Amino acid sequence: MQTVYNTLTRHVEPLVPVTPGKIGMYLCGPTVYDDCHIGHLMGPVLFDAVAKWLKARGLAVRFVNNITDIDDKIINKSVETGEPWQAITARYSQQYFDLLKRLHVDTITDHPRCTEYVGQMTAYIQDLIAKDRAYVAADGVYYDVAKQGGYGKLSGRKVEEMIAGVRVERDSGLRSPADFALWKLVKPGEPSWPSPWGDGRPGWHIECSVMTHHTLGHSFDIHAGGEELKFPHHENEIAQGEAHGGCYAKVWMHNNLVQFEGHKVSKSDPRMKDPAFRGQFKALNVLDQFGAPTIRLLLLSGHYRRPVDFGPTAITAIRTSLGRMLTALGPVAEEPSAPILDALLALPVSEAVAKARAAFVASMDEDFNTGGAIAQIHVLLAEARKAPEAERGTILRLARDLGRLLGLLMPGDAATLTTEAPASDDTLDQVMALVLELRQTARANRDFATSDLIRDRLKAAGITIKDAKDGATWSR
RNA sequence: GGCGUCGUGGCGGAGUGGCUACGCAGCGGAUUGCAAAUCCGUGUACUCCGGUUCAAAUCCGGACGACGCCUCCA
């Protein structure tokens, strides 16, 4: 039985699909106004693994991940740079898609864009006004929080306490400081869409309620997102959704955040002003430097409700570990395969192997414990080493295919680990071939002083030589 | 202050009331001319204080501490 921790109930509970055999899942996506950073990757990678596992368990998964392409930050960027906002959002959404592809995130079925749903949003807001759950104020339309029973149930807040903490800083005709914008009336120079209340644009929270409604319906199985979105974003989504349709997501899953040396790195962190510091968090840089498969493994290496540390020590350890897994698999790592869980479970294997296999499944079944599951892959690889030759291939393929169910150990992953020598540097290739030949001659003559000198000097120059039975290889 | 997650060996990180997690690093060995890589072996860990129990890192209570949210953020 699949279980899942539900933020709403604060318990691990059975995952019971709204519609038998199907799962509808929504993940809050990025606002596309700047380069993606490492944190943007956590949600997609984790919930891709979740979706993959649910599919392996025989469920049909519709996985919606929106793109926020209307927002203050986008407008600001456009004003700053003079670039049309459409060009900005097109560029960064493409970057996001490219990153997902490199990370083997391929279960997302829908990428709705905010701008495609403005009409549905105004209709939805009209409905909220008709139900007396929203009202028109001087600068837009607002949600009336006081009318929402149970507001704050997700994040454990009480409206009164929140209001007490809010500074009364503006007098825009709000009924309560806790009320939030559904529709913002246009200010000069801003992009806008028509509405019954005048030209403007949607507020932040309404898009998700509307897009979940139109893709997944009033009630759906899983709403996912980063922890920092619990309040106010998800709380407000619930308010809107319940006001509109009487119900909303059944299960809320929140992933903890990517940290750097024990702390979250916010946009407002002073160090972010330093381009070099910022650069090391940019997703493109990270993937180029360490390889997408390493990052995927890192993000899945622990439990998703605990923070994952993204730092030099952690990431190097993961990369080494991944390299050894792939080495252990050998040619098996590159074979294409389309694993089917039931078939893997039916494989006749030794007791020890079956135990690890069962532990893998149990880990995933229990709140998607990817870290525990990955540990079992290591166990299986160790079993493969011990196993008789005849059984080894079966065990290796089992380990690999369980990994592949989570998007790990995919064909081509090994290539991302070797720092690619500047491609097609023919000159260097020829020089190195000569050097290795001369060194081999020296070794044949037992002139190890020369042999070692060559290796040491090349090492100092950044080239590593490894001697193997069938000759030496080099890399850098 | 309010809400939430959590406190495990050098580091990272799973965990079932009694049985080796796992990874990285280290150490010993095999192999190698020497290295590297690989393989084998190797760790009496569980914040503190009470309680429940035949038995608790695992359940309950308390303390202390960490991190996150409450403001842009994935």
Side-chain angles (χ1 to χ4, degrees), chain A residues 5 7 10 27-31 33-34 36-47 65 68 71-73 76 96 152 154-158 160-162 164-167 204 224-235 254-259 262-269 272 283 297-299 301-303 305-309 311 313-325 327-328 330 356 359 362-363 366 369-382 385-386 443-444 446-449 451-452 455-456 459 464-469 472-473 475:
Chain A
Y5 180 87
T7 308
R10 290 173 183 76
L27 170 68
C28 288
T31 302
Y33 70 103
D34 200 355
C36 289
H37 58 85
I38 178 78
H40 285 105
L41 308 178
M42 180 68 191
V45 166
L46 165 66
F47 292 105
N65 178 224
T68 298
D71 183 83
D72 288 353
K73 292 187 285 290
N76 292 344
Y96 180 65
L154 180 70
S155 52
R157 272 156 232 267
K158 295 194 172 64
E160 315 83 67
E161 288 171 4
M162 283 165 40
V166 174
R167 288 163 296 168
W204 175 28
E227 239 199 349
E228 85 291 349
L229 293 178
K230 272 188 213 167
F231 186 89
H233 184 54
H234 291 162
E235 202 70 74
H254 288 99
N255 61 276
N256 214 313
L257 305 179
V258 178
Q259 301 191 341
H263 294 271
K264 176 187 167 189
V265 181
S266 307
K267 296 230 152 112
S268 51
D269 190 306
M272 289 303 265
L297 184 62
L298 173 77
L299 295 177
S301 64
H303 188 101
R305 282 190 283 132
R306 308 197 51 195
V308 54
D309 199 79
T313 319
I315 206 164
T316 307
I318 291 287
R319 183 168 60 176
T320 304
S321 171
L322 175 59
R324 289 188 183 156
M325 280 197 260
T327 303
S363 290
E366 201 170 309
N369 184 352
T370 52
I374 289 166
Q376 298 307 322
I377 296 176
H378 289 290
V379 174
L380 287 171
L381 292 176
R385 285 184 202 106
K386 284 188 267 181
R443 293 178 75 206
R446 305 193 67 78
D447 178 7
F448 297 121
S451 159
D452 290 351
R455 187 171 62 202
D456 293 345
K459 181 75 182 175
T464 305
I465 289 181
K466 291 178 189 173
D467 293 319
K469 283 162 250 121
T473 57
S475 62

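Chain naming here is simple, since letters A, B, ... match the order of the sequence lines and numbering starts at 1 in each. Just so you know, these numbers come straight off a predicted model, no measurement behind them. Below, each value reflects all heavy atoms present in this structure, side chains not excepted, and no hydrogens, waters or symmetry copies.
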Does A/R324 put a side-chain nitrogen or oxygen below 4.0 Å from OP1 or OP2 of B/rC24? yes
Can you tell me how far P of B/rA74 sits from CG of A/N256, to the nearest Å? 15 Å
Nearest to the side chain of A/E227, which nucleotide is it out of B/rG68, B/rA74, B/rG2? B/rG68
Candidates B/rG33, B/rC69, B/rA14 - which lies nearest the side chain of A/D452: B/rG33
Secondary-structure string, 5' to 3', Watson-Crick or G-U under 3.5 Å, | for another-strand partners, for RNA chain B: (((((((..(((.....[...))).(((((.......)))))....(((((..]....))))))))))))....
Using OP1 and OP2 only, check whether a side-chain N or O of A/H378 sits under 4.0 Å from B/rC22. no
Check this one for me: any side-chain N or O of A/R306 less than 4.0 Å away from OP1 or OP2 of B/rC6? no
Do A/Y96 and A/N65 get their side chains close enough for a donor-acceptor pair, meaning under 3.5 Å? yes
Taking CD1 from A/I318 and P from B/rC22, how many angstroms apart are they, rounded to a whole number? 16 Å
Any donor-acceptor pair, under 3.5 Å, between the side chain of A/N369 and the base of B/rG15, if you only look at N and O atoms? no
5' priority, RNA chain B, between A/S321 and A/R305 [closest heavy atom]: A/R305
For RNA chain B, whose closest nucleotide is more 5', that of A/F448 or that of A/C28? A/F448
Phosphate OP1/OP2 of B/rC67: any A/H263 side-chain N/O under 4.0 Å: yes
Using a cut-off of 4.0 Å on non-hydrogen atoms, how would the nucleic acid contact of A/E235 be classed: base, sugar-phosphate, or nothing? nothing
Check the distance between B/rC6's P and A/D309's CG and give it to me in whole angstrom. 18 Å
Proximal nucleotide (of B/rC67, B/rC34, B/rA74) relative to the A/D467 side chain: B/rC34
Ranking B/rG33, B/rG23, B/rA74 by distance to the side chain of A/R443, first place goes to B/rG33
Parallel under 30°, tilted from 30 to 60°, perpendicular over 60°: which one fits the rings of A/H254 and A/H234? tilted
Using atom CH2 of A/W204 as one end and atom P of B/rC73 as the other, report the distance to the nearest whole Å. 4 Å
Mind checking if A/S451 touches a base, just sugar-phosphate, or nothing, with heavy atoms under 4.0 Å? base
A/K267 side chain N/O closer than 4.0 Å to the phosphate oxygens (OP1, OP2) of B/rA74? yes
Under a 4.0 Å N-O cut-off, is there an ion pair linking A/R443 with A/D467? yes
Which part of the nucleic acid does A/Q259 contact within heavy-atom distance under 4.0 Å: base, sugar-phosphate only, or nothing? sugar-phosphate
Please state how far atom NZ in A/K459 lies from atom C1' in B/rA37, giving the value in whole angstrom units. 12 Å
Under 4.0 Å: is that the gap between some side-chain N or O of A/Y96 and OP1 or OP2 of B/rA74? no
When you measure from the side-chain N and O atoms of A/H254 to the phosphate of B/rU5, is any distance below 4.0 Å, counting only OP1 and OP2? no
Name the nucleic acid region contacted by A/A375, choosing base, sugar-phosphate or nothing; use a 4.0 angstrom heavy-atom cut-off, strictly under. base
For A/D452, is there an ion pair with A/R455 - N to carboxylate O distance below 4.0 angstrom? yes
Is a donor-acceptor contact shorter than 3.5 angstrom present between the side chain of A/S301 and the base of B/rG12? no
Using side chain to side chain donor-acceptor pair (under 3.5 Å) as the criterion, list what pairs up with A/N255, not counting sequence neighbours. none
Please confirm whether any donor atom in the side chain of A/K264 sits under 3.5 Å from an acceptor in the base of B/rC67, or the reverse. no
